[in-house]
Amino acid sequence: MTKCLCVGSSAQRGTTGPSSSLTCRLLSWAGAQKPPLKTKSAPDTKLKAECNKGYVKVKQLGLNPTCLDSVVVGKDQEVKMKPGQQLQVVNQLYPYTVRFKEDPSGDSVSSKRPHQPAASEGLNTSRSNKVAKQEKSVSSSVGNTESTSTHDTAGHWSNGLKASMQDPKMQVYKDDKVVVIKDKYPKARYHWLVLPWEPIRNMQVLRKEHCDLLRHMQRVAEQMVENCPDAGVACFRKGYHAIPSMSHIHLHVISQDFDSPCLKNKKHWNSFTTDYFIDSQDVILMLEEKGRVALKEGSSELLKLPLRCHKCLRELLTIPALKEHLKSHFK
Ligand code: AMP
Ligand code: ZN
């Protein structure tokens with residue numbers, strides 16, 4: 001049986017019907033033994049602001065591990081939870097997903113991405129601990145039966161890759177297993193994404209049987225590099241983001257010049273130059289050896305590291321300073 005968790009002040013009243021002003025719900029298929037989650041009020045306006053950005057914040061308050069897509073959040077750490085991701089509270093016992101819902105009050109929640117994604121949403125969203133705590137406090141109200149599908153918000157920005165991969169204007173290569181598209185917000189002179197046609201949500205669902213597909217994705221990525229006009233001159237990396245913002249697994253193929261106006265903030269930089277970026281080769285190895293991809297705890301913290309040049313490791317204070325510095329490496 002499907003249970004419904006509500007986020008927001010209305011959740012305390014347990015109102016999930018059409019008159020509710022809830023804009024976001026956490027859906028669960030945990031069954032009968034749902035943990036009695038503590039409820040705190042989160043003002044609807046603040047919650048909506050987060051929903052508008054395409055996430056809700058979740059914090060692990062106690063010692064019992066809370067996992068987001070199998071990655072432990074860590075005590076007192078908070079993470080952004082996006083549609084398609086799975087939250088598991090108390091030792092992976094209770095799984096939830098997040099789904100954004102049209103606000104029945106008419107004060108609609110945008111299903112459009114306000115600006116470019118992910119690693120793009122920047123670090124400037126931080127607020128006071130107190131407010132953040134309120135916002136992420138997930139209130140539980142077991143109630144209405146809902147669909148557990150996390151893909152019914154097809155128009156949501158986090159599903160953008162699914163649309164782009166079908167768009168001939170975005171496609172630069174395709175075969176029976178994969179398609180390669182140009183990254184819509186390239187973070188370097190060359191930036192492609194290799195996506196399998198098979199709808200694989202993220203790295204956490206990968207198993208040994210996906211090894212062949214991942215090896216094929218890597219071969220296609222290598223082919224892209226070989227056929228690139230700057231082949232032999234430009235350096236490339238091929239890998240996955242530890243915590244991707246977009247649904248549908250995608251392999252980044254990115255040149256290491258990072259010469260792009262779309263690279264705007266620390267989060268962008270660190271997502272490609274720290275261990276947040278996991279080489280395709282390592283993902284395949286992990287899968288071959290362990291049968292699954294285990295992500296390190298605290299990956300999201302890597303995005304907050306100081307800006308450091310990936311070539312000479314010099315620390316730079318700002319993105320403009322970093323970009324200026326990069327010119328000395330990439331003429
Ligand atoms: P991530 O999910 O963090 O691994 O990265 C997602 C990548 O997809 C980013 O590099 C974005 O610039 C890119 N992106 C976002 N939306 C689209 C879209 N609609 N079409 C193509 N690329 C996109
Ligand atoms: Zn340098």
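Read the numbers this way: they start at 1 and go in the same order the structure lists the ligands and their atoms. Treat the numbers as computed from the prediction; the structure is a model and nothing was measured.
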### Query
Is it true that a side-chain atom of Tyr276 and a backbone atom of Ile243 form a donor plus acceptor pair closer than 3.5 Å?
yes
### Query
Applying a strict 4.0 Å limit to heavy atoms, is Ile243 in contact with ligand 1?
no
### Task
Give a yes or no on this: more than 12 heavy atoms of other residues, nucleotides or ligands lie within 6.0 Å of atom NZ of Lys182.
no
### Message
Applying salt bridge (charged side-chain N to carboxylate O under 4.0 Å, His left out) to Glu324 and Lys327, what does each step give before you reach the verdict?
### Response
CA-CA 5 Å; Glu324 195 53 39; Lys327 288 182 190 163; 3.0 Å; yes
#### Entry: Contacting atoms of ligand 1, where contact means under 4.0 angstrom from a heavy atom of Lys187
10 (O), 12 (O)
### Enumerated ligand 1 atoms positioned under 4.0 Å from heavy atoms of His191
10 (O)
### Message
For Lys169, is there any backbone N or O sitting under 3.5 Å from a side-chain donor or acceptor partner on Asp167?
### Response
yes
### Query
Among Asn159, Leu161, Ile181, which residue places a heavy atom closest to atom 17 (C) of ligand 1?
Leu161
### Summary
ligand 1 to Met170, heavy atom cutoff 4.0 Å, flagged ligand atoms 20 (N), 21 (C)
### Query
For ligand 1, which atoms, with element, lie under 4.0 Å from some heavy atom of Ser245?
1 (P), 2 (O), 3 (O)
### Query
Do any N or O atoms from the side chain of Glu289 and from the backbone of Leu287 form a donor-acceptor pair under 3.5 angstrom?
no
Donor-acceptor list for residues 206-214 side chains, cut-off 3.5 Å, not counting sequence neighbours:
from   : atom 1 : to     : atom 2 : distance (Å)
Arg207 : NH1    : Gln204 : O      : 3.1
Lys208 : NZ     : Glu288 : O      : 3.1
His210 : ND1    : Arg207 : N      : 2.9
His210 : ND1    : Arg207 : O      : 3.4
Asp212 : OD1    : Arg215 : NH2    : 2.8

### Message
Is the distance between the ring centroids of Phe272 and His241 under 6.0 Å?
### Response
yes
### For Leu193, the ligand 1 atoms whose distance to one of its heavy atoms is below 4.0 Å
8 (O), 22 (N)
### Task
Kindly confirm or rule out an N or O of Met246 lying under 3.5 angstrom from an N or O of ligand 1.
yes
### Message
Please work out, at 4.0 Å between heavy atoms, whether the side chain, the backbone, both, or neither of Ser164 comes within that distance of ligand 1.
### Response
side chain
### Task
Have a look around the Zn ion (ligand 2) and list protein N/O/S atoms under 2.8 Å, or say none.
Cys309 SG, Cys312 SG, His325 NE2, His329 NE2
### Task
Indicate, with yes or no, if the rings of His250 and His252 have centres closer together than 6.0 Å.
yes
### Task
Could you walk me through whether Asp175 and His216 pass the side chain to side chain donor-acceptor pair (under 3.5 Å) test, one step at a time?
CA-CA 11 Å; Asp175 60 28; His216 180 70; 2.6 Å; yes
### Trace of the side chain to side chain donor-acceptor pair (under 3.5 Å) decision for Asp230 with Tyr190
CA-CA 9 Å; Asp230 285 347; Tyr190 300 99; 3.1 Å; yes
### Message
Quick check on contacts: which atoms of ligand 1 are under 4.0 angstrom from a heavy atom of Gly160?
### Response
19 (N)
### Query
Do any nitrogen or oxygen atoms of Lys182 come within less than 3.5 Å of a nitrogen or oxygen of ligand 1?
no
### ligand 1-proximal atoms of His241, by part, heavy-atom distance under 4.0 Å
side chain
### Message
Taking the six-membered ring for Trp, are His310 and Phe258 closer than 6.0 Å centroid to centroid?
### Response
yes
### Task
Among Arg189, Lys323, Lys187, find the residue that satisfies the salt bridge (charged side-chain N to carboxylate O under 4.0 Å, His left out) test when tested with Asp259.
Arg189
### Query
Relative to the heavy atoms of His252, which atoms of ligand 1 are at a distance of less than 4.0 Å?
1 (P), 4 (O), 5 (O), 7 (C), 10 (O)
